[in-house]
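Encoded as structure tokens, the structure appears first; notes follow it.
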Amino acid sequence: MTDRTAADLRRQIEQTRHQLGATVEELAAKADVRGRTRARAADLADRAGAMTVQLRSTASQAGYHMHERASRASHAVQDRAAQAGHVVQDRAAHAGHTVERGAPAPVRVPVRFAMRHPRPVVIVGAVGVALVAAELLRRRRAGC
């Protein structure tokens with residue numbers, strides 16, 4: 001029985017040493033403020049990096065969705081503008097034909113030209129308006 005008691009004591013001593021070693025390691029870890037601070041800083045840096053990646057991904061997806069919505073809206077506006085342009089062209093053509101039919105014979109050729117080439121007519125009209133405005137201003141100043 002003495003042998004068993006001695007073996008039991010040795011086992012208990014070994015177990016106590018092991019527990020004491022673990023306790024000492026825990027106390028040393030708690031006392032290592034610099035090491036804990038570095039570990040905490042590394043953990044926070046990892047979390048910040050993960051959040052940065054997540055935020056960039058979210059921002060990228062939001063940008064993609066906004067681009068898609070803007071593109072769809074742009075196409076819708078272009079389609080509406082094209083439809084409105086066609087309506088205006090049809091109305092202008094109809095009005096032009098009405099004017100052409102009702103115009104005296106000597107004026108029909110310039111009216112046809114104006115219908116086929118509207119830009120020069122608009123430019124000439126703008127120049128005419130500018131000349132009339134300049135003449136009115138000259139007369140006003142001369143009268144003062």
Query raised in the report: Would you say the side chain of Arg69 lies within less than 4.5 Å of the side chain of Arg72, judging by non-hydrogen atoms?
Result: yes
Query raised in the report: Rounded to the nearest 0.5 Å, what separation is found between the CZ atom of Arg40 and the CG atom of Asp43?
Result: 6.0 Å
Query raised in the report: Is it true that a side-chain atom of Ser74 and a backbone atom of Ala70 form a donor plus acceptor pair closer than 3.5 Å?
Result: no
Query raised in the report: Distance from Leu20 atom CG to Ile13 atom CD1, nearest 0.5 Å?
Result: 12.5 Å
Query raised in the report: With distance as the sole test, does Ser71 use its side chain to make a donor-acceptor pair with the main-chain N or O of His67 at under 3.5 Å?
Result: no
Query - Rounded distance (nearest 0.5 Å) linking atom CG of Leu136 with atom CG of Leu131 - result: 11.0 Å
Query raised in the report: Is the backbone of Gln12 close enough, under 3.5 Å, to the side chain of Thr16 for a donor and an acceptor to pair up by distance?
Result: yes
Query - Test: Glu14 and Arg10 ion pair at under 4.0 Å - result: no
Query raised in the report: With side chains defined as the heavy atoms from C-beta onward, is the minimum distance between Arg91 and Val87 less than 4.5 Å?
Result: yes
Query raised in the report: Crowded around Arg38 CZ? As in, over 12 foreign heavy atoms under 6.0 Å?
Result: no
Query raised in the report: So do the side chains of Thr23 and Glu26 get within less than 4.5 Å of each other, counting heavy atoms only?
Result: no
Report task. Show your reasoning for whether side chain to side chain contact (heavy atoms under 4.5 Å, CB included) applies to Arg47 and Leu44. Result -> CA-CA 5 Å; Arg47 287 177 59 193; Leu44 290 174; 4.1 Å; yes
Requested in this report: Inspect the surroundings of CD in Gln54 and state if more than 12 heavy atoms from other residues, nucleotides or ligands are less than 6.0 Å away.
Outcome: no
Report summary line: Between the CE atom in Met51 and the OG1 atom in Thr58, the distance rounded to the nearest 0.5 Å is 10.5 Å
Query raised in the report: Between Ser57 (side chain) and Val53 (backbone), is there a donor-acceptor pair under 3.5 Å?
Result: no
Query raised in the report: Between Gln89 and His86, does a side chain to side chain contact (heavy atoms under 4.5 Å, CB included) hold up when you go through it step by step?
Result: CA-CA 5 Å; Gln89 283 179 344; His86 292 305; 3.9 Å; yes
